[in-house]
Amino acid sequence: MKYDYLIVGSGLFGSVFAYEMNKIGKKCLVIEKRNHVGGNIYTENIENINVHKYGAHIFHTSDTQIWEYINQFADFNRFTNSPLANYKGNLYNLPFNMNTFYQIWKVKTPAEAKAKIEEEKKLANITTPKNLEQQAIALVGKTIYEILIKGYTEKQWGRPCTQLPPFIIKRLPVRLTFDNNYFNDLYQGIPMGGYTQIIEKLLDGIEVKLNSDYFEYKDKWDSIADKILFTGMIDQYYDYCYGSLEYRGLNFETETKNIDNYQGNAVINYTESAIPYTRIIEHKHFENSVSDKTIITREYPITWKKGMEAYYPINDKNNTEVYEKYQRLAEKEDKILFGGRLGLYKYMNMDQVIKEALILVEKEKKNDI
Ligand code: FAD
Ligand code: UDP
C-alpha cells in the first residue's frame, strides 16, 4: 500500500487527524472534492477582510486543552459574539438576557424579569416540554418566543417549532444579567488572519488532492491505502441503503458594499418569517479589519436535496433511528473510520470536532501497538 491513511475531506476533522498521524510518521493522503481545503471553516481574504465563506465561525470552548491545541496554529483575538435580532425593524439583544427583557417588557430588575417569564409560562401550562415551542416558552415565555424564536427557527429548520426537538433551543443561554455574550464558554475568539491558515498549517507537508470526489474513483482510492478516514456523508457512503438522512441546506449571498460600515455588528439575525434569510454577517467586524469597503453575507436556509452541500444534520428522532442503522454497519468495518459532522451525523462545533478527532487518533495509536 502506498499510504497508511487516505483521508476523505480536508475539513477540521480530517485535517487534525492527518496532522496527528503525519506527526507519528504515518503516510497520509487527503482528498477533497471542493477546490480548496478547510471545509466549512474556510475563509478567504478579500479587500483586506477575511470572509467566512460558509457562514460566521466563532471559536468558543470551555476545554483548556482544546483551546491550547488550536492556539498552536493561530493567534486569537478577543472577539465576543453579541448578535442583535431585528424583528419588524426593531432591534433586540441576544442571547436572552436583561437587555432583551428590558427591550421587550421594560422590566429593570432580575426579579421583575423572572416574574414575567413565570407568568407567561404559567399561562401556557407547560410542565415537561415535549417540543421546541414548549421548551422555548418554558425558558423565556410566549412573547419572546413569538418575536425572537418562532420565525427564525422555522426558517432555519424548515418545519414548525412543534415538530422540532427541545434540545435545539437549549444551546442558547438565558441570563438574568445585562450580558450580551452569546456563549457561556471560558474561551472565545477569532483567529487573526482567518481560519484557512489553521488548516494550511495542519496539512503542511501532507499530500492533498483537491477537486477529487472519493465516489468518482472509489476503487482506486480504496486500493492505495491501508485505512480510510471518511468525513463525508455516512448515508452516501453506504449508498443510502437505509434511506437518505435529512440535512438542512444553505445559500450564501455575498455582497461588497462601497461603505466602510454597513450594520455596525458582525451578526444581525432576522427573526421574522417574512424575511427569507436568517442573518446578515458583516465580516470585517470579526477582526476589526481596516478597509474602505465592507463585505456582507445573507444566509438563506434551504431544503436540502441529494447533490447539494449538506450543512446541518437534522438530529430528530426519525433521523437518529436511521443514523443508528448506518452506525451499526460502521462499527463492523475494520478498514474504514468515520468522523466529522457528516460522518458521525452530529451537529458539532469546532471544539467538539477537534476533541473527537483527537479521540480517534488515540484509538488508532492504541490499535497500532
Ligand atoms: P466539514 O467542514 O464539512 O468538512 C468535510 C469536508 O469533506 C468538506 O471539505 C467536504 O467538501 C469534504 N468531502 C465530503 N464528501 C467528500 C467526498 N465524497 N470526497 C471528497 N471530499 C469530500 N462551529 C463553531 O464552533 N462555531 C461557529 O460559530 C460555527 N458556525 C457555523 C456556521 C455554519 C453556517 C455552519 C454550517 C457550521 C458552523 N459551525 C460552527 C460548525 C463547524 O463548521 C464544524 O464544526 C466544522 O467545520 C466541521 O468540520 P468537519 O471536518 O467535520 O466537516
Ligand atoms: N435561535 C432563535 N433565534 C435566534 C437565534 C437562534 O430562535 O435569533 C434558535 C434557533 O432554533 C437555532 C437555535 O436557537 O437553531 C440555536 O442557535 P445557534 O445560534 O446555536 O444556532 P447555530 O446557527 O449555531 O446552529
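Counting convention: from 1, in listed order, for ligands and their atoms alike.
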Legend entry - Shell of residues surrounding ligand 1, defined by a 4.0 angstrom heavy-atom cut-off that is strict: V8, G9, G11, L12, F13, I31, E32, K33, R34, G39, N40, I41, Y54, A56, H57, I58, S212, D213, Y214, F215, T231, G232, L250, E299, Y311, Y312, G340, R341, Y347, M348, N349, M350, V353
Note the single closest protein heavy atom to [atom], along with its residue, its atom name and the distance in Å.
| atom | result |
| --- | --- |
| atom 25 (O) of ligand 2 | Y312 CE2, 3.6 Å |
| atom 3 (N) of ligand 2 | L148 O, 2.9 Å |
| atom 13 (C) of ligand 2 | I168 O, 3.7 Å |
| atom 10 (C) of ligand 2 | T153 OG1, 3.3 Å |

Numbered atoms and elements of ligand 2 in range of [X], under 4.0 angstrom, heavy atoms:
| X | answer |
| --- | --- |
| Y347 | 24 (O), 25 (O) |
| I149 | 7 (O) |
| T271 | 8 (O) |
| Y182 | 5 (C), 6 (C), 17 (O), 18 (P), 19 (O) |

Tell me whether [X] at atom [atom1] has more than 12 heavy atoms from other residues, nucleotides or ligands lying less than 6.0 Å away.
| X | atom1 | answer |
| --- | --- | --- |
| K170 | NZ | no |
| Q65 | CD | no |
| K27 | NZ | yes |
| F178 | CZ | yes |

Inset, instruction - Heavy-atom distances under 4.0 Å are what count here, so tell me which part of K170 touches ligand 2: side chain, backbone, both or neither. - result: neither
Legend entry - Side-chain heavy atoms of L176 within contact of F101, under 4.5 Å: yes
Inset, instruction - Report yes or no: does K150 have a heavy atom closer than 4.0 Å to ligand 2? - result: no
Inset, instruction - Could you tell me whether L132 and ligand 2 have an N or O pair separated by under 3.5 Å? - result: no
Inset, instruction - Work out which heavy atom in T278 is nearest to a heavy atom in K155; give both atom names and the distance. - result: CG2-CB, 4.0 Å
Legend entry - Ring centroid separation Y326 to Y237 under 6.0 Å: no
Legend entry - Aromatic Y240 / basic K306 pairing, under 6.0 angstrom, 45° off normal: yes
Legend entry - From the candidates N269, I147, I169, the one that places a heavy atom nearest atom 9 (C) of ligand 2: I169
Inset, instruction - Before accepting this row, confirm whether a basic side-chain N of the pair E324/R328 lies closer than 4.0 Å to the acidic partner's carboxylate O. - result: no
Inset, instruction - Say whether T143 and E120, considering side chains only, have a donor N or O and an acceptor N or O under 3.5 Å apart. - result: yes
Inset, instruction - Check the angle between the aromatic planes of Y345 and Y247 and answer parallel, tilted or perpendicular using the 30° and 60° thresholds. - result: perpendicular
